[in-house]
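Single-structure report; data block below.
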2 protein chains.
Amino acid sequence: MKTFTFEPTCRTGKGNGTVVTIKDVAREAGVSVATVSRALNGAASVTAQTRRHVAGVAARLRYVPHGAARSLVTRRTNTVGALLPDLFGEFFSELIRGIDLAARARGLQLLVSSSHGDAAEAAAALRAMQGRVDGLLIMSPHVDARFLKEHLASALPTVLMNSSVADKDYASLNVDNYGGAQAMTRHLLAQGYRDFAFITGPSDNFDAAERLKGFRESIVASARAFLLQGDFSEESGYRAGRQLAAMQQRPQAVFAANDMMAIGCLFALTEAGLRVPGDIALAGFDDIPIARYINPPLTTVRVRIADLGHGALEHLVARMETMDPPPQRHTLACEVVPRASTDDASDARLPASTPHRP
Amino acid sequence: MKTFTFEPTCRTGKGNGTVVTIKDVAREAGVSVATVSRALNGAASVTAQTRRHVAGVAARLRYVPHGAARSLVTRRTNTVGALLPDLFGEFFSELIRGIDLAARARGLQLLVSSSHGDAAEAAAALRAMQGRVDGLLIMSPHVDARFLKEHLASALPTVLMNSSVADKDYASLNVDNYGGAQAMTRHLLAQGYRDFAFITGPSDNFDAAERLKGFRESIVASARAFLLQGDFSEESGYRAGRQLAAMQQRPQAVFAANDMMAIGCLFALTEAGLRVPGDIALAGFDDIPIARYINPPLTTVRVRIADLGHGALEHLVARMETMDPPPQRHTLACEVVPRASTDDASDARLPASTPHRP
DNA sequence: GGCTCGAATGTAAACGTTTTCATGGAAATA
DNA sequence: TATTTCCATGAAAACGTTTACATTCGAGCC
């Protein structure tokens, strides 16, 4: 049995800026670099004793492996990149939260690049990430299939989040905007509302389009609906609310394509002396934290954003481990959160309100 | 003058998963790898013609340098790490926004590791980042000077954000919690309030302690104040509000150490039939987005969180470029945002309310 | 016209790991 | 005891860059 002696080479004072490498550990431990590498990486063919010894020396020397050197030979960076648009607020933080949580669980590092406003910036960010990550998560309104083919190395596993890209070469995970809008519409119908206004999002926005579509295609024949143009901003919701307040023949319920517009709309309505939901019901989409604090609390569609991030990363890991399965498109369900801004079913507005079947 | 011929080696079809290296570019361009490296990195001693030619070939081949290989020899990763606690909502997103913006401007990548709940997780995250980043931004209630000395390579430039660590070896950038609380207290005094309740944050929280201190040391002799224990949660604010509502001798104004508690408190007060600010004034700290949407909108202290991130990164870059200047401690000013939850000065509560000098 | 000089390029040695292959020696078998 | 087998370890070759040093070649100088 081999025993190790503590050589006096232990000049811990060497750390005047010099970085400790695997060679230092090897020399100090009296073994070869190969053994150190094996011991520290948990290779099978190394004695428990050597492993302990090496680990001890490494700890004492404060050795931490040089990531770049390792990546160079391993061809893995243990890092995934997240390319995000210029996001604000809760959505952004929840998304990163979800991604980070899943990444942590997988032992992956997370390289983020957010707040790029146009395609050129996105391209630059993409370029900078390439060769530094094992996989890529992309959410950006500025990228389409052509952009990706142009700027993305085909070998890099990628998952798109909330993307309009329907190309069969790319995997994606989308919030089920369509289903959510549909669920909300059915919910409102079930409560007896028949006369609707829908405040739309920006016309070039994919989420907005899906939500509108979900609403449109769920309206039953007996109901009526008209659209008000919005752009997801509180301001545009406010304008829509003023328009509504000015109408002599107001709809029974307003469905805004996102919560911020619903809040803006609510302000305009309240300002005009209208009561919500007494005079007019109001619903939003997103379930941002504010939604439950305003008066009345807002009925809305909850999007589990952290789950979006989490799911996207899991999907990405699956693709990283085996590129075999063709890229898939998944969606993430939403749920209606009924609050006081719409009446509950108890007081029906119609003589015979036939509840919609789920 | 040397001219380049397009050799027929241009089998673009090679990209069946194989990564293009600098050698491929060199061979294709008919020059050495050194020249390619120089041309692409903008070294002076390379002909404009060669540079163009090489750049063209590189672009055609979709060459993107292997980051790890470059880092290995350069000893720079062009990446900074951000170690963050388990953060929610706006604070988190704004912080990352600020950091990312500044990093982008500097051409740095951002490696984030958030949502670690205890010291052990923080240590693991720290370890994982070490050797992958050129500098580190740390915000964590779980790290103190001893922790850093233990787990952090001394050679790695670091800037702490909102940290209680006062060790002279570490640079930091803190929100001026003390100054903000002081400004708010003076503001309330200037409005004529003299009888206060202060809802504290968690006792082990640094921000909370500073805010309390700022309040305490700004109370003038003619005023009275008592404390209610809270923990930054809405729930604890609600409890404090119930206590206040139950008192027969209520204070004139409540200053909560953060907005969430103020909101909880507001609910309790409203529930008890008290009017804000008519019966009792209310102020918070943070200016979270909800603050302006509740009824009445909340007077609070605005913290420019994005600026915190931005400033911290700039500070870090300065330290990365030259480790010479000893680590410095900076603070970031806050501002009072007067809203309807406290009376404005027009209706004074005291016969002679002497406005406090700024 | 031989010499030096400098600019443009090539050669090769790092950088710190992992990993293949070789090697030694102990245990197991004959 | 001689041979085989296997297991722990060591030596050295990658990995893809950058960069110090060497080389070439043309121009300018005397």
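Chain letters run A, B, ... following the sequence lines, proteins first, then strands; residues in each count from 1.
Taking CG of B:Leu111 as the start and CG of B:Asp134 as the end, the distance is 11.0 Å to the nearest 0.5 Å. Rounded to the nearest 0.5 Å, atoms CZ (A:Arg329) and OH (A:Tyr170) are 13.0 Å apart. Atom CD1 in B:Ile22 sits 12.0 Å away from atom CG in B:Leu61 (nearest 0.5 Å).
Nearest nucleotide to the B:Val73 side chain, out of D:dA20, D:dC15, C:dC15: C:dC15. You'll find that the side chain of A:Asn41 is closest to C:dT18, out of C:dG16, C:dT18, D:dT17. When distances are taken from the side chain of B:Arg70 to each of C:dT9, D:dT18, D:dA8, the shortest belongs to D:dT18. Each of D:dA20, C:dT19, C:dG16 was ranked by its minimum atom distance to the side chain of A:Leu72; first place goes to C:dG16. Closest contact between the side chain of A:Val46 and the listed nucleotides D:dT18, C:dT11, D:dT9 involves D:dT9. You'll find that the side chain of B:Thr21 is closest to D:dT17, out of C:dT18, C:dG10, D:dT17. Here C:dT9 is the nucleotide among C:dT9, D:dA8, C:dT17 with the atom lying nearest to any side-chain atom of B:Ser45. The side chain of B:Thr35 lies closest to C:dT9, out of C:dT9, D:dG10, D:dT17. Candidate nucleotides C:dT18, D:dT17, D:dA11 were compared by shortest atom distance to the side chain of A:Ser37, and C:dT18 ranks first.
Atom NE2 of A:His53 is separated from atom P of D:dA8 by 17 Å (rounded to the nearest Å). Rounded to whole Å, atom C1' of D:dA11 lies 10 Å from atom CZ of A:Arg38. Distance A:Gln130 CD to D:dG16 P: 16 Å, rounded to the nearest Å. Between the C1' atom of D:dT18 and the NE2 atom of B:His66 lies a distance of 15 Å, rounded to the nearest Å. A:Arg27 places its CZ atom 13 Å from the P atom of C:dT17, with the value rounded to the nearest Å. Here D:dT18 presents its P atom at 13 Å from NZ of B:Lys23, a figure rounded to the nearest Å. Going from atom CZ of A:Arg76 over to atom P of D:dG16 covers 16 Å, rounded to whole Å. Here C:dA7 presents its C1' atom at 14 Å from CZ of B:Arg51, a figure rounded to the nearest Å.
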Could you go through A:Leu110 and A:Ile99, starting from their C-alpha distance and side-chain angles, then the distance that decides it, and tell me whether this counts as side-chain contact (heavy atoms from CB on, under 4.5 Å)? CA-CA 8 Å; A:Leu110 181 61; A:Ile99 297 174; 3.7 Å; yes

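For A:Arg75 against D:dG16, a side-chain-to-base donor-acceptor contact under 3.5 Å is absent.
Counted within 6.0 Å of NZ on B:Lys149, heavy atoms from surrounding residues, nucleotides or ligands total more than 12; the atom is thus considered enclosed.
Place B:Ala69 and A:Thr74 on DNA chain C by their nearest nucleotides, and B:Ala69 ends up nearer the 5' end.
The shortest distance between the side-chain N/O atoms of A:Ser71 and the OP1/OP2 oxygens of D:dC15 is not below 4.0 Å. Proximity of B:Thr47 to the phosphate of C:dT9: a side-chain N or O atom is located under 4.0 Å from OP1 or OP2.
Under a 4.0 Å N-O distance rule, the pair B:Asp24/B:Arg27 qualifies as a salt bridge.
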